[in-house]
Amino acid sequence: MFGGSVSKLRSIVDRHVETHGPCSQPVWTVPICPVCGTLFCIAGDEGAMKAAAGTLDAIIDTVSAAHDINALLTLLAPAGKYVMVGLPPDAPKLNNSLIIMKCLTVAGSLTGNHDMTQDMLEFCGKHNITSDVEVIDMDYVNTAMDRMEKGDVKFRFVIDINKS
């Protein structure tokens, strides 16, 4: 599907610090994290976004919250691909001029078929791409929902059904 190096766009630096420990320098000044080797661009940092403009061949957007998709499209190189797999609450407003002038491809999918899922898992395994999750017991679900409503969530919740 996609080749080359893997970059991560983050809006919360804390997630990286909690996962890998603190970096010797602020993450937004380091193009590659010295702890995990990940190329970073903080989505809320205008300077980082401007410096990264036109440098990515593809973006797989997993964000289900409202966010500025046009800002992400500026990161794509000509003929770049933007794939949305997260489902924001409202339909996004896309900058059609940007899409047309840069010959961008915009696509989306709720789920993939078996072969697509296997390809994605193999790609993630090859590039050591993992998910950040918080494993919870079934009796913690209501608390987890309360935390999500308050914005007190740094990782996705995964329910451990073996303990339930």
Side-chain angles (χ1 to χ4, degrees), residues 1-16 19 27-28 31-33 36-136 141 144-145 147-159 161:
M1 182 154 83
F2 301 121
S5 64
V6 176
S7 303
K8 291 184 183 179
L9 300 175
R10 296 289 190 167
S11 60
I12 303 173
V13 177
D14 293 342
R15 178 179 290 179
H16 180 267
T19 305
V27 174
W28 54 87
I32 298 178
C33 172
C36 66
T38 301
L39 178 63
F40 266 87
C41 177
I42 306 303
D45 181 336
E46 286 185 38
M49 292 289 283
K50 189 172 183 178
T55 63
L56 300 178
D57 295 321
I59 294 174
I60 301 173
D61 186 352
T62 63
V63 178
S64 295
H67 62 290
D68 184 5
I69 291 170
N70 292 308
L72 298 179
L73 294 178
T74 65
L75 300 176
L76 291 171
K81 295 168 182 59
Y82 172 83
V83 181
M84 179 186 298
V85 294
L87 187 61
D90 297 315
K93 295 180 181 176
L94 297 175
N95 181 339
N96 294 332
S97 297
L98 178 64
I99 294 168
I100 292 167
M101 298 303 288
K102 291 179 77 174
C103 267
L104 301 179
T105 299
V106 177
S109 176
L110 284 175
T111 60
N113 63 30
H114 178 75
D115 291 338
M116 294 169 74
T117 302
Q118 186 61 44
D119 287 346
M120 182 268 310
L121 291 172
E122 289 173 8
F123 179 85
C124 291
K126 180 179 177 183
H127 295 283
N128 196 30
I129 299 171
T130 59
S131 58
D132 298 327
V133 299
E134 182 176 337
V135 179
I136 63 172
V141 169
M145 294 298 288
R147 286 181 53 201
M148 286 192 327
E149 287 176 4
K150 293 176 185 172
D152 180 31
V153 177
K154 295 184 177 140
F155 307 106
R156 292 178 186 238
F157 289 116
V158 174
I159 301 170
I161 59 170

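- What you find for Met84 and Pro92 is that their closest heavy atoms are CE-CG, 3.9 Å.
- When all heavy atoms of Pro89 and Ala66 are compared, the closest pair comes out as CD-N, 3.7 Å.
- Thr74 OG1 to Ile69 CD1: the interatomic distance, rounded to the nearest 0.5 Å, is 12.5 Å.
- When all heavy atoms of Lys102 and Gly54 are compared, the closest pair comes out as NZ-CA, 4.3 Å.
- Here the CG atom belonging to Leu76 is positioned 9.5 Å from the NZ atom belonging to Lys81, to the nearest 0.5 angstrom.
- The backbone N or O of Asn70 sits nowhere less than 3.5 Å from a side-chain atom of Asn95 that would complete a donor-acceptor pair.
- Between Leu98 atom CG and Tyr82 atom OH the span is 12.0 Å, to the nearest 0.5 Å.
- For Ala79 against Leu104, the heavy-atom pair with the smallest separation is N-CD2, 4.3 Å.
- Note that the CD atom of Glu122 and the CE atom of Met120 stand 10.5 Å from one another [nearest 0.5 Å].
- Distance check, rounded to the nearest 0.5 Å: CG of Asp119 to SG of Cys124 gives 11.0 Å.
- Residue Leu73 forms a side chain to side chain contact (heavy atoms under 4.5 Å, CB included) with just one option from Ile59, Asp61, Ile99, Leu56, and that option is Ile99.
- In this structure Glu134 satisfies the salt bridge (charged side-chain N to carboxylate O under 4.0 Å, His left out) test together with Arg147, sequence neighbours excluded.
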